[in-house]
Enquirer: 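Before I ask anything, here is the structure I am working with.
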Amino acid sequence: MRMLTAMLISAGLLAGCGETVQTAGDYRGKTDAKPYEANYGGDKAKWESTLRARNQSQNEYKRVQ
Amino acid sequence: MARMKFLCDSERCIECNGCVTACKNENETPWGIQRRRVVTLGDGLPGEKSVSVACMHCSDAPCMAVCPTDCFYRTDEGVVLHDKDQCIGCGYCFYACPFGAPQFPQEGNFGIRGKMDKCTFCAGGPEKDGSPDEYKKYGGNRLSEGKLPLCAEMCSTKALLAGDADVISEIFRERALTRGKGGELWGWQQAYGKDGAPAPAKKEVQK
């Protein structure tokens with residue numbers, strides 16, 4: 001009986017060590033438009049290529065050959 | 001489009017606070033709101049290092065996890081934004097954020113907190129892109145204009161890089177390889193290393 005009690009207590013204590021999965025809840029605010037809709041008429045590829053070129057302007061090894 | 005990230009090269013940052021000024025000017029943030037700030041380690045001592053810090057737009061953002069009103073969302077580009085109309089100013093995100101990014105205006109009497117404000121990666125918020133409402137609540141929306149955050153674009157030494165994580169990490173990698181040091185500062189393999197590529201060798205400094 002004491003053994004059983006000890007086992008139950010141990011199991012109960014160990015259960016407290018378990019880690020439950022924590023995930024962010026679903027967004028409940030207003031929906032946001034895609035960034036390429038307002039100024040690029042929904043042309044995602046064009047917007048991405050503009051950003052890619054802009055990104056490379058931060059690389060002085062590419063800017064100054 | 002991959003993830004949008006900031007990367008600050010502490011070997012280059014000269015603590016000029018140009019990024020802070022650019023951010024405040026672009027977004028017209030109120031008095032006391034610092035979306036971006038420069039932190040200096042070992043200030044005044046030989047080998048001091050400065051790093052520009054703002055919201056890092058975490059891939060697994062703790063602010064999103066703790067928000068009781070679920071006002072945060074992540075865009076397809078990996079930018080973490082929030083809806084100010086949903087925010088109740090509880091401050092949980094401030095405690096959860098390891099970078100101290102969330103800012104709270106002291107709008108009312110007795111130090112009552114206003115709605116949270118943070119770096120938007122110059123991507124505005126959930127209002128019509130480029131509208132006065134968006135500007136008033138979230139600041140400028142440069143991303144929708146095909147531009148990068150002004151803090152990075154204004155950086156005089158190009159210490160602060162912003163953009164697609166793959167691209168800016170490649171720029172940083174090339175830079176660290178060219179100068180022969182600095183790659184180890186941020187944990188090369190964990191964060192910016194290519195598969196199987198070794199970290200750049202550290203040059204021996206002649207004394």
Side-chain angles (χ1 to χ4, degrees), chain A, chain B residues 1-2 4 7 60-77 79 81-87 121 123-131 134 138 141-148 152-153 155 157-158 160-164 166-168 170-172 174-175 177-178:
Chain A
M1 187 61 190
R2 286 173 72 183
M3 186 74 169
L4 185 68
T5 313
M7 278 174 68
L8 283 171
I9 290 170
S10 319
L13 287 172
L14 279 172
C17 302
E19 194 171 313
T20 52
V21 179
Q22 292 179 316
T23 48
D26 291 329
Y27 173 58
R28 284 190 273 169
K30 282 181 279 188
T31 49
D32 194 6
K34 302 287 180 204
Y36 43 82
E37 280 172 7
N39 297 306
Y40 287 82
D43 192 344
K44 190 181 178 190
K46 191 180 170 193
W47 176 73
E48 281 183 350
S49 68
T50 311
L51 267 185
R52 219 170 289 128
R54 197 93 178 182
N55 255 323
Q56 284 306 329
S57 67
Q58 298 179 104
N59 188 356
E60 54 278 272
Y61 299 118
K62 294 267 165 63
R63 288 168 71 188
V64 184
Q65 295 288 351
Chain B
M1 178 59 68
M4 289 295 186
L7 196 166
D60 185 9
C63 54
M64 290 179 88
V66 298
C67 180
T69 60
D70 292 325
C71 75
F72 288 92
Y73 65 103
R74 185 181 290 106
T75 68
D76 293 345
E77 298 77 45
V79 180
L81 298 173
H82 73 298
D83 184 349
K84 281 194 178 180
D85 294 342
Q86 197 78 7
C87 176
F121 207 87
E127 294 288 346
K128 190 174 181 292
D129 285 349
S131 66
E134 185 185 51
Y138 307 101
N141 191 341
R142 293 170 58 82
L143 213 62
S144 72
E145 294 167 2
K147 299 170 186 168
L148 293 167
E153 296 211 302
C155 181
T157 59
K158 285 284 163 277
L160 185 62
L161 302 169
D164 190 343
D166 292 339
V167 178
I168 58 170
E170 184 59 29
I171 293 171
F172 180 66
E174 189 182 354
R175 186 186 287 181
L177 280 169
T178 307

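In what follows, chains are A, B, ... by sequence order, proteins preceding strands, each numbered from 1.
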Enquirer: Just how far is it from atom CG of A/N55 to atom CE of B/M4, taken to the nearest 0.5 Å?
Expert: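 Answer rounded to 0.5 Å: 6.5 Å.
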Enquirer: If you measure from CZ on B/R175 to CD on A/E60, what distance do you get to the nearest 0.5 Å?
Expert: 5.0 Å
Enquirer: Specify the closest pair of heavy atoms between A/R54 and B/G146, including all atoms of both residues, with the distance to one decimal.
Expert: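 Looking at all heavy atoms of both residues, the closest pair is CD-O, 3.8 Å.
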Enquirer: For the pair A/N59 (side chain) and B/I171 (backbone), establish whether a donor and an acceptor sit closer than 3.5 Å, ignoring hydrogens and angles.
Expert: no
Enquirer: Looking at B/G125, B/C155, B/C67, B/C63, which has the largest count of heavy-atom pairs under 4.5 Å with chain A?
Expert: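 Of B/G125, B/C155, B/C67, B/C63, B/G125 has the most heavy-atom pairs under 4.5 Å with chain A.
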Enquirer: Before accepting this row, confirm whether a basic side-chain N of the pair A/R52/B/D164 lies closer than 4.0 Å to the acidic partner's carboxylate O.
Expert: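 Judged by the 4.0 Å cut-off on N to carboxylate O distance, A/R52 and B/D164 do not form a salt bridge.
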Enquirer: Where does B/L160 contact chain A at under 4.5 Å (heavy atoms): side chain, backbone, both or neither?
Expert: backbone
Enquirer: Nearest 0.5 Å, please: how far is CD in A/Q56 from CD in B/E170?
Expert: 8.5 Å
Enquirer: Hey, what do you get for CD (A/Q58) to CZ (B/F172), rounding to the nearest 0.5 Å?
Expert: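 Between atom CD of A/Q58 and atom CZ of B/F172 there are 13.5 Å.
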Enquirer: Below 4.5 Å from any heavy atom of chain A, which atoms of B/I168 appear? Answer side chain, backbone, both or neither.
Expert: side chain
Enquirer: Starting at CG of B/D129, measure out to CG of A/D32 and round the result to the nearest 0.5 Å.
Expert: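 That separation rounds to 6.0 Å.
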Enquirer: Would you mind telling me which of B/D60, B/N141, B/L143 has the largest number of heavy-atom pairs within less than 4.5 Å of chain A?
Expert: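 Among the listed options, the one with the most contacts to chain A is B/L143.
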Enquirer: Show the nearest heavy-atom pair for residues B/E145 and A/Y40, with the distance to one decimal.
Expert: O-OH, 3.3 Å
Enquirer: Could you grab the distance from atom CZ of B/R74 to atom OH of A/Y27, nearest 0.5 Å is fine?
Expert: 13.5 Å
Enquirer: If I compare all heavy atoms of A/K34 with all of B/D76, which pair ends up nearest, and what's the gap?
Expert: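 Shortest heavy-atom contact: NZ-OD2, 2.7 Å.
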Enquirer: Could you tell me which portion of A/K46 (side chain, backbone, both or neither) has an atom closer than 4.5 angstrom to a non-hydrogen atom of chain B?
Expert: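 Neither; nothing under 4.5 Å.
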Enquirer: Is B/K84 close to chain A through its backbone or its side chain, or both, or neither, when contacts mean heavy atoms under 4.5 Å?
Expert: neither
Enquirer: For residues B/E127 and A/K30, determine if any side-chain heavy atom of one lies less than 4.5 Å from a side-chain heavy atom of the other.
Expert: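 Yes - at least one pair of side-chain heavy atoms lies under 4.5 Å apart.
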Enquirer: Return the option, out of B/C71, B/P62, B/G124, with the maximum number of heavy-atom pairs under 4.5 Å with chain A.
Expert: B/C71
Enquirer: With a 4.5 angstrom heavy-atom cut-off, which part of B/Y73 approaches chain A: side chain, backbone, both or neither?
Expert: both
